[in-house]
Amino acid sequence: MVRTPLTPEERERGERLGALLREARGTRSMVEIAAGAGLSAETLRKIETGRAPTPAFFTVAALAGVLGLSLDEVLRRCALVPAPAPVPVAV
């Protein structure tokens, strides 16, 4: 199976997700959080470092639950930010 290359915006969203998860994890270990979410520590490491920038919804939901984050907060902090619409120039 060939994956479509990620856009720069998707990579940026993955980086924001990783930063949010690291921040929410605080001093708790990766092993503790990953186990609570039913993941391997390596999977969590990949998500936190941006090497897995598009994790499945249920993976994000499980991590959010363990970390005490609402999905609304995850969406607000990690959603793609659309580029501003170009301003028409009168000629």
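Along the sequence shown, the residues carry numbers beginning at 1. Not measured: the values here are computed from a predicted model.
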The reported gap from CZ in Arg25 to CD in Glu48 (rounded to nearest 0.5 angstrom) is 4.0 Å
Within this structure, what is the CD1-CE distance for the pair Ile47 and Met30, rounded to the nearest 0.5 Å? 10.0 Å
Going by an N to O cut-off under 4.0 Å, is there a salt bridge joining Glu15 and Arg51? no
Please name the pair of heavy atoms, one in Ala64 and one in Leu71, separated by the smallest distance, quoted to 0.1 Å. CB-CD2, 4.0 Å
Do side-chain atoms of Arg16 reach the backbone of Ala79 as a donor and acceptor pair under 3.5 angstrom? yes
Restricting to non-hydrogen atoms, name the atom on Glu32 and the atom on Ser29 that form the minimum distance, rounded to 0.1 Å. N-OG, 3.0 Å
Is any side-chain heavy atom of Pro55 closer than 4.5 Å to one of Leu17? yes
State whether Arg76 and Glu73 are salt-bridged, where the test is any N-O pair (Lys NZ or Arg NE/NH1/NH2 against Asp/Glu carboxylate O) under 4.0 Å. yes
Would you mind reporting whether Thr54 and Arg13 have side-chain heavy atoms less than 4.5 Å apart? yes
Nearest heavy atoms of Ala62 and Ala37, plus distance in Å: CB-O, 3.6 Å
Any side-chain heavy atom of Pro53 within less than 4.5 Å of one from Leu6? yes
Sub-3.5 Å donor-acceptor pair from the side chain of Thr49 to the main-chain atoms of Arg45, do we have one? yes
Using the side-chain contact (heavy atoms from CB on, under 4.5 Å) definition, which of the options Leu20, Leu21, Val74 pairs with Leu63? Leu21
